[in-house]
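Keep in mind that this is a model prediction, so the values were computed, not measured. As the structure lists them, so they are numbered: ligands from 1, and atoms in each ligand from 1. Atom set for the values below is all heavy atoms of this structure, side chains included, hydrogens, waters and symmetry mates excluded.
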Amino acid sequence: MFGNVFQGKRVFITGHTGFKGSWLCAWLLKLGCKVTGFSLNIPTQPSHFEAMHLGDHIEDLRGDIRNREALTQAIQKTAPDLIFHLAAQALVRQSYADPVTTFESNALGTMNLLEAVRHCPQVSACVLITSDKCYRNDEQVYGYRECDHLGGHDPYSASKGCAEIIAHSYFTSFFQDGPACATVRAGNVIGGGDWACDRIVPDCARAWQAGESVEIRSPKATRPWQLVLEPLSGYLALAAQLLAPQPSSPFTLRGEAYNFGPSADIIKTVEEVVRELAVHWPGFTSHMANAPQTLKECTLLKLCCDKALAHLKWKATLNFEETIRFTAEWYHRYYRGRAQDESMLDFTLGQIAAYVHAAEARGLAWTA
Ligand SMILES: NC(=O)c1ccc[n+]([C@@H]2O[C@H](COP(=O)([O-])OP(=O)(O)OC[C@H]3O[C@@H](n4cnc5c(N)ncnc54)[C@H](O)[C@@H]3O)[C@@H](O)[C@H]2O)c1
C-alpha cells in the first residue's frame with residue numbers, strides 16, 4: 001500500500017499521545033517506519049496511547065511545541081524524512097476557557113514547527129494537520145473548498161485559520177525548493193480510544209461503561225462523521241506522494257491544502273450517531289438529556305473533497321453503519337479486555353488491516 005514508500009522511513013509526529021496521533025503511529029509502525037513522537041503528556045485518562053502501550057514501540061519524547069528551541073533540537077536529533085504535525089489544543093470549548101494557550105499552541109506552535117523544519121535539511125516532506133474549522137463558516141449547504149475563505153468565530157477555529165495562513169506563508173517564502181509540505185483539513189473523526197471531553201462518542205463510551213444515560217448538547221447538529229482511519233489514509237496518501245511524486249501525475253502537491261471528509265451521505269445528526277451506537281452496545285440507553293447550549297458552535301460544516309479525489313484519487317471508504325461498527329467494536333474490546341490488562345495494539349492493528357481490506361475491495365488507489 002502507498003507504493004511501499006514508507007518502509008524504513010524515519011517519521012516525526014507531534015501530538016502522538018493524542019487520539020489521532022496514536023492511531024497514526026500504529027499505522028506507521030505497520031508500514032515499517034521508525035517513529036519518534038513529540039508531545040505534551042497524554043491528554044486523557046484512559047487513552048489510546050496507553051491502551052496500546054505505544055511508548056514501548058516508538059521513541060516517545062515529551063515536550064511543548066511552544067518551546068521552539070526544544071522542538072528544533074528534537075527534530076534535528078531525529079533527522080526525520082517526514083513530519084506529521086498534529087499537536088494542538090484540539091477542543092472548541094476549551095478554547096473559550098483558554099484562548100491564549102490555544103493560539104500559542106495552534107498558531108505559534110505551527111510556526112515553531114515550520115521554523116524547525118527550515119533548519120533541518122534532512123526533512124523531505126511535512127504534512128500539517130489543521131481542521132475543517134479553519135474555514136469561515138457561513139452555514140452554507142454545499143461543501144467548503146480549499147479556496148474558500150479562512151476564518152472562524154471561536155478561538156480554536158480562528159487558531160486553525162491562523163495555522164493555515166502561517167503555513168502557506170512558509171511554503172511560498174521558504175520551501176519552494178525545500179521540503180515538500182502541505183496542509184490537511186478534516187472534520188470530526190470518531191473511532192476507538194478517544195476519551196476527550198465534550199465529544200459525543202467518548203461521552204457515550206463513558207456513560208455506557210457507567211450504566212448511565214448520555215447528555216446531548218445539540219442532537220440536531222450535523223457533522224461530517226468519519227472513522228479516524230479515513231483522514232489518516234488521506235494524510236498518508238498525500239505524504240507518500242510528497243515523498244515520491246509520481247512522474248505521470250499532472251499535479252504539484254507541494255504547498256497545497258487538501259480536504260479529507262466522508263461521502264455526503266455520512267452527514268448525520270448527533271442523535272443519529274447515538275442511536276446507531278446503541279445498536280452495537282446492548283443495554284445502552286440513548287436517553288437524550290438535551291443540555292442547554294451555552295457556547296456558539298457551528299451547526300453545519302461540510303467539506304468538498306473533489307481536490308483530494310482529483311490529485312490523490314482519494315475518497316472515503318466506509319459507510320455510516322461501518323464507521324459506527326468499527327468504533328463500537330473497539331470500545332467493547334477495550335472494556336472486555338481491561339481486566340486482563342490486554343494491550344490494544346494488536347486489536348488496533350487488526351482494525352487497520354480490516355479498513356485496508358475494505359478499501360482494497362472498493363478499489364482505492366492508495367492500497368496499491
Ligand atoms: N479529533 C477530531 O475530530 C479532529 C477534527 C479536526 C482536526 N483535528 C486536529 O487533529 C489533531 C489531533 O487531534 P486529536 O483529536 O488527536 O487531539 P488530542 O487532544 O487527542 O491530542 C492532542 C495532542 O497534542 C498534544 N499537545 C497539545 N498541546 C501541545 C503543545 N503545546 N505541545 C506539544 N504537544 C501538545 C497533546 O499532548 C496530544 O498528544 C489536532 O491538530 C486537531 O486540531 C482533530
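- Thr17 is not listed as a side-chain neighbour of Ser22, based on a closest heavy-atom distance of 4.5 Å or more.
- Between Ser131 and ligand 1, a contact under 3.5 Å exists for no N or O pair.
- Under a 4.0 Å heavy-atom criterion, Gly37 is not in contact with ligand 1.
- Residue Arg199 has at least one nitrogen or oxygen atom sitting less than 3.5 Å from a nitrogen or oxygen atom of ligand 1, judged on distance alone.
- Using cut-offs of 30° and 60° on the angle between ring planes, the pair His168 and Phe171 is perpendicular.
- The closest side-chain donor-acceptor pair between Tyr144 and Asn137 falls under 3.5 angstrom.
- Ligand 1 has at least one atom lying under 4.0 Å from a heavy atom of Ala186.
- Of the N and O atoms on the side chains of His16 and Asp60, at least one donor lies less than 3.5 Å from an acceptor on the other residue.
- Within the structure, the closest approach of Gly63 to ligand 1 falls below 4.0 Å when heavy atoms are considered.
- A salt bridge links Arg185 with Glu164: the closest approach of a Lys/Arg side-chain nitrogen to an acidic carboxylate oxygen falls below 4.0 angstrom.
- At the top of the distance list for atom 3 (O) of ligand 1, counting protein heavy atoms only, stands Val189 N, 3.0 Å.
- Remark: distances from the non-hydrogen atoms of Arg185 to ligand 1 are all 4.0 Å or more.
- Contacts of Asp346 classified as salt bridge (Lys or Arg N to Asp or Glu O under 4.0 Å), with partners at least two apart in sequence or in another chain: none.
- Put simply, part of Thr130 is less than 4.0 Å from ligand 1, judged by heavy atoms.
- Of all atoms in ligand 1, listed by their number and element, those nearer than 4.0 Å to a heavy atom of Arg66 are 31 (N).
- Scanning the protein heavy atoms around atom 31 (N) of ligand 1, the nearest turns out to be Asp64 OD1, 2.9 Å.
- Between Ile166 and Met111 the shortest side-chain heavy-atom distance falls below 4.5 Å.
- Of the candidates Ala163, Gly187, Gly191, it is Gly187 that places a heavy atom closest to atom 5 (C) of ligand 1.
- Protein heavy atom nearest atom 8 (N) of ligand 1, with residue, atom name and distance: Lys20 NZ, 3.6 Å.
- Atoms of ligand 1 found under 4.0 Å from any heavy atom of Ser39, numbered from 1 in the order shown, are 33 (C), 34 (N), 37 (O), 39 (O).
- Per-residue contacts place Ser105 under 4.0 angstrom from the following atoms of ligand 1 (heavy atoms of the residue considered): 31 (N).
- Between Phe2 and Phe6, the angle of the ring planes goes over 60°, which puts this pair in the perpendicular group of the 30/60° scheme.
- Closest protein heavy atom to atom 37 (O) of ligand 1: Asn41 O, 3.0 Å.
- The shortest N/O to N/O separation between Thr17 and ligand 1 falls below 3.5 Å.
- Looking at Lys160 against ligand 1, only its side chain comes within 4.0 Å, counting heavy atoms.
- Side chains of Thr327 and Leu227 form a contact here, defined as non-hydrogen atoms less than 4.5 Å apart.
- Considering backbone and side-chain atoms alike, Phe38 places every N or O at 3.5 Å or more from each N or O of ligand 1.
- Under the 30°/60° scheme for interplanar angles, the aromatic rings of Trp208 and His332 are found to stand perpendicular.
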How far apart are the C-alpha atoms of Phe19 and Trp195, what are their side-chain angles, what is the distance that settles it, and do they pass the ring-ring contact (aromatic ring centres under 6.0 Å, His included) test? CA-CA 8 Å; Phe19 170 52; Trp195 276 283; 9.1 Å; no

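- At a 3.5 angstrom cut-off on N or O pairs, Ile65 counts as close to ligand 1.
- Between His48 and Asp194, the closest side-chain pair of non-hydrogen atoms is not below 4.5 Å.
- Counting atoms of ligand 1 from 1 in the listed order, those under 4.0 Å from a heavy atom of Ile129 are 9 (C), 10 (O), 11 (C), 41 (O).
- Using a 4.5 Å heavy-atom threshold, the side chains of Glu329 and His280 count as separate.
- For atom 27 (C) of ligand 1, the closest non-hydrogen atom of the protein is Ala88 O, 3.1 Å.
- With hydrogens left out, the protein atom closest to atom 42 (C) of ligand 1 is Tyr156 OH, 3.6 Å, a heavy atom.
- Inclusion of Gly18 in the set of residues having an N or O under 3.5 Å from an N or O of ligand 1 is warranted.
- Between Val127 and Ile129 the shortest side-chain heavy-atom distance falls below 4.5 Å.
- Among the atoms of Asn188, none of the N or O lies under 3.5 angstrom from an N or O of ligand 1.
- Of the N or O atoms in Pro43, none lie within a sub-3.5 Å distance of an N or O in ligand 1.
- Remark: among candidates Leu71, Leu40, Asp194, the nearest residue to atom 28 (N) of ligand 1 is Leu40, based on non-hydrogen atoms.
- Annotation: atom 40 (C) of ligand 1 to nearest protein heavy atom, Leu86 O, 3.1 Å.
- With Tyr258 as the aromatic partner, Lys307 meets the cation-pi criteria of under 6.0 angstrom to the ring centre and within 45 degrees of the ring axis.
- Sorted by first and then second residue, the pairs that involve residues 356-368 and meet side chain to side chain donor-acceptor pair (under 3.5 Å), not counting sequence neighbours, are Glu322-Arg362.
- Ring-centre distance between Phe260 and Trp314: below the 6.0 Å cut-off.
- Between Ala87 and ligand 1, no pair of N/O atoms sits closer than 3.5 Å.
- Ala90 CB, 3.8 Å is the protein heavy atom nearest to atom 19 (O) of ligand 1.
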